[in-house]
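Worksheet for the structure shown next.
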Amino acid sequence: MSISEEKQTTVPLEKMKWMYSEMVKIRYYEDQMVEVYSEGKAPVFNIGAGTVPGEMHLATGQEPAAVGMCAHLTKDDTVSSPHRPHHHAIAKGVDLKKMTAEIFGRKTGLGKGKGGHMHLFDPDVKFSCGGIVAAGIPHAAGAAMAARMKGTDRVAVAFIGEGAANAGAFHETLNLAALWNLPLIVVVEDNSYGISVPKKASTSIESNDKRAGAYGITGAYVKDNDPVAMYKASEEAVTRARDGQGPTIIEIETYRFLGHFQGDPELYRDKEEVPGLRQQDPILKLKKQLLASGVDDADIEKMEKDAKQVVDEAYEFARNSEFPEADDALRDVFTS
Amino acid sequence: MSISEEKQTTVPLEKMKWMYSEMVKIRYYEDQMVEVYSEGKAPVFNIGAGTVPGEMHLATGQEPAAVGMCAHLTKDDTVSSPHRPHHHAIAKGVDLKKMTAEIFGRKTGLGKGKGGHMHLFDPDVKFSCGGIVAAGIPHAAGAAMAARMKGTDRVAVAFIGEGAANAGAFHETLNLAALWNLPLIVVVEDNSYGISVPKKASTSIESNDKRAGAYGITGAYVKDNDPVAMYKASEEAVTRARDGQGPTIIEIETYRFLGHFQGDPELYRDKEEVPGLRQQDPILKLKKQLLASGVDDADIEKMEKDAKQVVDEAYEFARNSEFPEADDALRDVFTS
Amino acid sequence: MKTAKKRMLSGNKAMAEAISQEMERDSNVFVLGEDIGKYGGIFGSTQGLIETYGPERVLDTPISETAFIGAAIGAAAEGMRPVAELMFVDFFGVCMDQIYNHMAKIPYMSGGNVKLPMVLMTAVGGGYNDAAQHSQTLYATFAHLPGMKVVAPSTPYDLKGMMTSAIRDDNPVVFMFHKSLQGLGWMDQLDEAVGNVPEEAYTVPLDKAAVVREGKDVTIVGIQMMTHYAVQAAEKLADEGIEAEVIDLRSLAPIDKDTILTSLKKTGRLLVVDEDYLSYGMTAEIAAIAAEGALYDLEAPVRRLAVPDVPLPYSSVLEDFVIPGKEKIYQEVKSLLEEG
Amino acid sequence: MKTAKKRMLSGNKAMAEAISQEMERDSNVFVLGEDIGKYGGIFGSTQGLIETYGPERVLDTPISETAFIGAAIGAAAEGMRPVAELMFVDFFGVCMDQIYNHMAKIPYMSGGNVKLPMVLMTAVGGGYNDAAQHSQTLYATFAHLPGMKVVAPSTPYDLKGMMTSAIRDDNPVVFMFHKSLQGLGWMDQLDEAVGNVPEEAYTVPLDKAAVVREGKDVTIVGIQMMTHYAVQAAEKLADEGIEAEVIDLRSLAPIDKDTILTSLKKTGRLLVVDEDYLSYGMTAEIAAIAAEGALYDLEAPVRRLAVPDVPLPYSSVLEDFVIPGKEKIYQEVKSLLEEG
Ligand SMILES: Cc1ncc(C[n+]2csc(CCOP(=O)(O)OP(=O)(O)O)c2C)c(N)n1
Ligand SMILES: Cc1ncc(C[n+]2csc(CCOP(=O)(O)OP(=O)(O)O)c2C)c(N)n1
Ligand SMILES: [Mg+2]
Ligand SMILES: [Mg+2]
């Protein structure tokens, strides 16, 4: 089954505006991160140096998946995210100050500086992410189980990349979730690459929503990185899950404007590819739609300003936060 | 895609006879093993005692999958098999004496007594098996790769149980095989159970041939544990693989006449189930077909006698073989 | 008030009783794994649970260890207290990522903000000819990696008490039970697999070794079957006037150094016996603890007995040769006492 | 004839050269893994190969470690000689079953009838803030399990020579290379990551440790980064008149006991340094070897320095605290020399 594309649900203007401002926030967050990440890494790039060391996977261009889905979630729903987590975290409402402080390796961070960019945990809004491809899918399934066991109508969403859909965890978990009729949604963000490997060299079929058939569940495909279409597909999936009608796989065609990680020489893709993608910037498209819906320039400016301010404050907070004590490293292995 | 059931290939009589005598051989082999396995385990059953200690998974009733497929294979084609391997081994032409000696833990065994019933390796006919569910699928894919790299038209077959189709290795390998267009066939033997867990409690769809769609490959379903239908489905799959047209998933409905392993109390299934299954014994059915095809009773008796003799000789060989020296345990970790 | 009469239970019944009592006590506790429902667990650790608590709290899973152990993690993060069974420890390789990269690290990576109160129980051990992929203990494989408590009780009493502690613990606990000590009807009937087990719930700490036999001449450290063999060897040695002190390690991580060092102060000699592989194993860790903390107490070089870095072979003659037993322990102690 | 002029190569170029020469020499050798084609391997170990040998012998795989490592096993059983890359050793948990239950055991279980001539290469190591799931070495995790040779070279010369040996070896070899020693343009530029590497193919044995610095006062055993830090510490100690002997273990399994014991005979003091976790790790194994085989040579208790049984934390201050470095080694040796 595939969600009929003609189906015309209208998206409430408030939700459109929310999506827009979240997308702006995400974009601005990632843009700032590009800058901050490069601090202390010149003239010689050294991944372990600077304000923010370690790997850095940014989601610039991939905002629609996050906002289209999270528009339907409350803080009691669960999201698991992979190594490229900022857009999901922001859309899910993770505490941006603590998140940024974590990425800066500070004591005030979500994980007191122990986790870092790939390991952000905010139990207040039930958000987690991790650095192992596909590993978050079963975690979301477990949250979905817990939701059921506790008699709630909460749902759980696992965001993954298209590369992750070829990992064993994808198959095992979707079979389990289908079997147990869990309120789980797997969102596959197809940004065309798993690091350097193009989708056609990793995936034996065109899109992963087709794999829903292997589990007897529903699949939906969202093309053109369209936040509004993502909103609609997500609405159906979330409603189905809350209603006890089981899991859904949504695949969204999205764009990775940057390298796999910061510092990626990107020799595996055409120099023209990214400029082409940038021309289809989903933020600009949604802005046009908003304007067409009667939102005026001033409103939009205000939204953008507010979004950026929140981000600026988060970076500010992170930068001014203290580092942990060295021997804090020995704490938190076990709770007592 | 599903292989059209109407398609009427005729099975050469020689092949029918081969299948029959192999099925008889397998059945007799397993029947003898039931006896031998119980030697030394009375009055108190102790899995580690007796002529043949350790776990014992027998394939009584599951002969059709093995013979229907192996009828199309030469000794240069590869077979990987799981924890329930005897039927595949016999149909593939594994040296029966050495195999039995291995199961008896003797020095003359395929693995000099190091492997045992779940770990039979006969490189002469490219047979292997193992005790970890689904783990043999990638091994077969690797053999299929090697076949291609060496420029041959050899194929590789992985036999698995229906329970194994929910393991990650199934998904990863089928995606890889489809992507690389490998001459791999995965045969799923649906004997209704993974130990005690019925298929409907483990598998989110009706049959695993349907999962072929998730990889853009062909799936075929064989019902009623029918060796002739299995022969035909296998013929198509093997031909496709040899022709460079990629992998196939075949699921066959089969029957497990015995417990998961010897000693299984089988409390999870109805007492009436097995007698019902036994009434549909595939060997008796094929015998009827042979008789109807003009093979006479004497021919059949001769086939049965020959098959049994080979088995008797194998057990004889095993029983008369020596045990390894204790410190042989330290050899064969590395070759030099 | 319980009567003083001994209540004898097999290892697996003791475990199942602990799980059952905790399920009764806390509705967040649930169990999942392969064949843990009607079958009651291949090694009987979940017997009777589905009858009492139903299929909603006792879940038979597909053969999808990554999915169901990962789901247990996800459920634990939401406040549930799952007990997941990995049928044989030998299968860890299909799901180790969930175990060691997520279950064991999420509490730390989250700075203590996410707790994972879960138990991963799994069967270990050989000695019944189940060959290379079904006979391992892999003690050190788990104990080497930080973030999980790893315990391996040796008696029905400890199986119950440590399971109760494990379920109540807010940290991930890997709970290894030895097949031969479950008291299964289809295995060798060992006296050690049955023991006195109080009916009421009780806890046994997850971080303390036990001196199961006192002695002054030599310290033998073992765990599970090796502890029992060590006691048997000690009895034989006692007939010759040699008094071996036997320590049942019980907990692999955290490891109870004090009990070991205290014993070495007294005996000055150490034999470590392990059913796991020799190199980089438990025998190494304990030898290292001695070399660091008891060097001046040692009167002779440390001895180690373990599976000699080969996969577990199938044939009885071969398996008997590689898994340490009472006789080898006895011989090793004799030779150790001749040194120094 | 080569000129005497030194030919300096980075670690990854040395590895890639070895693989390339073996591919040239033997058409059965092929390479597979994630991003090993056009990207040349995330850590550059396969750079240039796809350009020379094409996509038929240099295969980019999906993110399906179980499938492609398992396929390498199947291909090796048929006489191919695959070199498979597991991108980070930290990912072993998704495919360990193939590695340790199959690759490592099939030769044994088959009584030597099936050979698996394959190399599993993988990146190890931290120190650049890649946090808990991308910074481990897991030396002992692999070395504990029988059936695989496990090596971890420390210099470009050894990376090439040991890779050549590994590919030519008829046994499965786990080949660990340290990210910091690859000479990557995007990592800290270490002098140790570049070294003299002959152009022609040569082999370095897979079972020999190397004494990389001679000394008489103390033995420091390390591997990869820890060896280099130990040498740096030794230089500082030398300024104070303390002569440390530094051993580069190079091979974790089989382990070269003789080199260690010979050194201990001379020095009487041992410090083992490891970038892996402390408990049940390489430091334990080497301390145990000393406690078994050099007890009477030891003048002071053995010392161990390793990651103190915590996951690798992200923040620099925390990571620097848990991974041993030159300074900690220096201090530890000083304190060790005051004892005994
Ligand atoms: C099990 C595992 N294998 C490999 C990796 C290395 N790795 C990190 S991200 C990545 C690519 C992921 O691709 P995709 O799922 O499409 O996500 P994207 O990076 O495109 O967002 C790979 C191979 C990993 N982290 N975990
Ligand atoms: C990875 C793994 N998980 C669990 C097991 C235990 N186990 C052995 S056979 C089996 C059931 C297999 O069912 P199926 O694949 O249907 O094969 P069948 O036994 O019916 O032939 C299980 C769960 C195992 N060997 N490996
Ligand atoms: Mg991608
Ligand atoms: Mg089955």
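For clarity, every value in this text was computed on a predicted model and none was experimentally measured.
The most heavy-atom pairs under 4.5 Å with chain D, out of C/Leu138, C/Leu298, C/Asp90, come from C/Asp90. Comparing C/Pro254, C/Gly281, C/Gly147 by how many heavy-atom pairs each has under 4.5 Å with chain D, the most go to C/Gly281. Contact count versus chain C (heavy atoms, under 4.5 Å) is highest, among D/Asn101, D/Val272, D/Asp276, for D/Asn101. Most heavy-atom pairs under 4.5 Å with chain C: of the set D/Ala284, D/Ala131, D/Ala132, D/Pro146, this distinction falls to D/Pro146. Contacts with chain D were tallied for C/Glu285, C/Met96, C/Gln133; C/Glu285 has the most, counting heavy-atom pairs under 4.5 Å.
Atoms CD and CZ, from C/Glu85 and C/Phe68 in turn, are 8.0 Å apart once rounded to the nearest 0.5 Å. The distance from the OG1 atom of C/Thr122 to the CD atom of C/Glu65 is 9.5 Å, given to the nearest 0.5 Å.
The contact between D/Leu252 and chain C is made by backbone and side chain atoms together, counting heavy-atom distances below 4.5 Å. Residue D/Glu299 touches chain C through its backbone alone, counting heavy-atom pairs closer than 4.5 Å. Proximity to chain D (any heavy atom under 4.5 Å) is shown, for C/Thr141, by both the backbone and the side chain. Heavy atoms of C/Pro313 lying under 4.5 Å from chain D belong to its backbone as well as its side chain. For C/Met282, the parts lying near chain D are the backbone and the side chain together; criterion is any non-hydrogen pair under 4.5 Å. Both the backbone and the side chain of D/Ala300 come within contact range of chain C, with heavy atoms under 4.5 Å apart. With a 4.5 angstrom heavy-atom cutoff, D/Ala290 does not touch chain C via any of its atoms. If you measure heavy-atom distances from D/Tyr314 to chain C, you find no contacts under 4.5 Å at all.
Applying the 6.0 Å contact sphere to NZ of D/Lys266 captures more than 12 heavy atoms from other residues, nucleotides or ligands.
Side chains of D/Ser316 and D/Asn129: a donor-acceptor N/O pair is present below 3.5 angstrom, by distance only. For D/Thr283 and D/Asp274, the side-chain atoms include no donor-acceptor pair closer than 3.5 Å.
D/Tyr100 has its ring centre no less than 6.0 Å from the ring centre of D/Phe92.
Contact check on D/Asp256 versus D/Lys208 returns no salt bridge, with no Lys/Arg side-chain nitrogen under 4.0 Å from an Asp/Glu carboxylate oxygen.
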Determine, stepwise, if the pair D/Gln136 / D/Tyr277 fulfils side-chain hydrogen bond (donor to acceptor under 3.5 Å, both in side chains).
-> CA-CA 9 Å; D/Gln136 300 164 102; D/Tyr277 304 113; 2.7 Å; yes
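With D/Lys149 as the partner, the salt bridge (Lys or Arg N to Asp or Glu O under 4.0 Å) test is satisfied by one option alone out of D/Asp169, D/Asp207, D/Asp170: D/Asp169.
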